[in-house]
Protein chains: 2
Amino acid sequence: MKIGELSRRTGVPARMLRYYEEQGLLSPERADNGYRAYPESTVDRVRQIRGLLDCGLTTEIIRAILPCLDQPEHIYLLPENLNPRTLELLHHEVARIQQRIDCLTRNRDAVLEYLAAAQSGVAPCAGNRRSGERPAPSS
Amino acid sequence: MKIGELSRRTGVPARMLRYYEEQGLLSPERADNGYRAYPESTVDRVRQIRGLLDCGLTTEIIRAILPCLDQPEHIYLLPENLNPRTLELLHHEVARIQQRIDCLTRNRDAVLEYLAAAQSGVAPCAGNRRSGERPAPSS
DNA sequence: TCAGACGTTCACATCAATGTGATGGCAACT
DNA sequence: AGTTGCCATCACATTGATGTGAACGTCTGA
C-alpha cells in the first residue's frame, strides 16, 4: 500500500505518516521507485498511534511502548525489548498511564456530577453536598 | 499569596501561572502595587489544572470544565454556566474524556500483559494467546 | 540609602505535533 | 508528448505549552 491509500484509509494526512516514520513509529519498505510500501497491518498501527497521541502521549513514549502492542507474536520478546532498562521504562510508563486514567476519571466524574445537578435543576449547594465530596483533586 | 509563594507551593513556574491567567484559568486580584494576590484555594486549583494538562487536555478545554470542578458551591449553577450550548459542550467533553480513558486503559493492559509475559519468561506466542486477544485497537 | 530578592511586562526561543508550499520525479492515460 | 495525479524531499509557518532574559518597579533588611 502506498502512502496515499494509507492516508485515505486512516484519515491521517500523508505528511503525518512521514513524520511518524521520522519518529521511528513506522518503517515502511521502499519500492524500486522510492515510494513507501506499507503492509496492511500498518492501518491498525496508525490507528494505534493516533489513539495514543490523542491521549496526550508523545511520540517518544509511543515508540517505547509500541513493541508491546502490535508486534507479530513470534517476535514479541526479542532480546532488545527485554533488557532491564526497557522493562523498567515500561513499568514506569504504565504507572504514568495509570495516573492519567485516574486523573481523567476523577474529573469526568466531577463534570458528570455537575451535569446531573444542573439537569435536575437542583443546585448542589452547601446544604445537599455530602461532606466527603471535594471537587476532584486532580494530581 | 504572591506569585512566588504559589509557585513554590505548587511547583509550577511563575511564568506558567501568568500564562494560565492569560488563558483564563486563574484570575488573581491585584494589590495596590500591581502584584498578583492569590487566595489559598488557588493552590488546589493549580494542581487541578496541572493534572488535566498532564492528561493531555488543552487550556481551552480546561477552561470549559473548570466551572464544574472548583467553584464554591453557591455559584455552582450560575445562569451563564447553564445555557444549552454549554451543557452540550460539557457532555461532549465528558465523551472525549471517556474515550481517552478507554484508550489508555486498553493500552495499559496491553503493556501489562506484555510485561507479565516477559517477566515470566514465557513468550506470548501464537500458541498460548487466546483468540479474542488482539493487541488493543486504540481508537 | 543601597543591595538583593521579588514582582511587573514584553519579547524572543524552543519543542512537539501539524500545516502548507515549492520543486521535482514517476506513472497512467489521452 | 502533454496532462494529471501521486510520490519524493526540503523548508518554512503555526499552535500550545514552556523556557529565558531584558528592562524596570517594589519591598525589605543591613
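In what follows, every chain begins at residue 1, and chains take the letters A, B, ... in the order their sequences are listed.
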- line: Given the options B/Q99, B/Q98, B/R100, B/D102 meets side chain to side chain donor-acceptor pair (under 3.5 Å) only with B/Q98
message: Pairing donors with acceptors under 3.5 angstrom, does anything connect the side chains of A/N107 and B/Q48?
response: yes
5'-most by nearest nucleotide on DNA chain D - B/K2 or B/E60: B/E60
query: Starting at CD of B/E5 and ending at C1' of C/dA5, how long is that distance when rounded to a whole Å?
result: 15 Å
message: I want to verify a distance call: between C/dT18, C/dA17, C/dT8, whose nearest atom is closest to the A/R50 side chain?
response: C/dT18
task: Considering just the side-chain nitrogens and oxygens of A/R18, establish if one lies under 4.0 Å of OP1 or OP2 belonging to C/dT20.
output: no
- prompt: Do the side-chain N or O atoms of B/Y20 get closer than 4.0 angstrom to the phosphate oxygens (OP1, OP2) of D/dT18?
  reply: yes
message: When you measure only distances, ignoring hydrogens and angles, does the side chain of B/Y19 come within 3.5 Å of the base of D/dG19 through a donor and an acceptor?
response: no
Between C/dG7 (C1') and B/D32 (CG): distance, integer Å: 14 Å
message: Applying a 4.0 Å non-hydrogen cut-off, can you work out what A/R30 is touching in the nucleic acid: base, sugar-phosphate, or nothing?
response: sugar-phosphate
- prompt: A/E22 CD to D/dT9 P: how many Å, rounded?
  reply: 10 Å
message: As a test of understanding, state which of B/R63, B/R45, B/R50 forms a side chain to side chain donor-acceptor pair (under 3.5 Å) with B/Y20.
response: B/R50
- line: Separation of D/dA17 atom P from B/L17 atom CG, nearest Å, is 15 Å
- prompt: Nearest-Å distance, CD (B/E21) to P (C/dC10)?
  reply: 12 Å
- request: May I ask you to verify if any side-chain N or O of B/N33 is less than 4.0 angstrom from the OP1 or OP2 atom of D/dG25?
  value: no
field: Presence of B/T59 side-chain N/O under 4.0 Å of D/dG16 phosphate oxygens OP1/OP2
entry: no
query: Rounded to whole angstroms, how far apart are CG on A/L53 and P on D/dG16?
result: 17 Å
- request: Please state how far atom OH in A/Y35 lies from atom P in D/dG5, giving the value in whole angstrom units.
  value: 14 Å
- prompt: Does any donor-acceptor pair link the side chain of A/R15 with the base of C/dT20 at a separation under 3.5 Å?
  reply: yes
message: Does C/dT9 have its OP1 or OP2 closer than 4.0 Å to a side-chain nitrogen or oxygen of B/R36?
response: yes
query: Do B/L17 and B/T42 have side-chain heavy atoms sitting under 4.5 Å apart?
result: no
message: If you assign each of B/P13 and A/I3 to its closest nucleotide in DNA chain D, which residue comes earlier from the 5' end?
response: A/I3
query: CG of A/L6 versus C1' of D/dC6: gap in Å, rounded?
result: 14 Å
query: Does the pair B/R30/B/E21 count as a salt bridge with the N-to-O cut at 4.0 Å?
result: yes
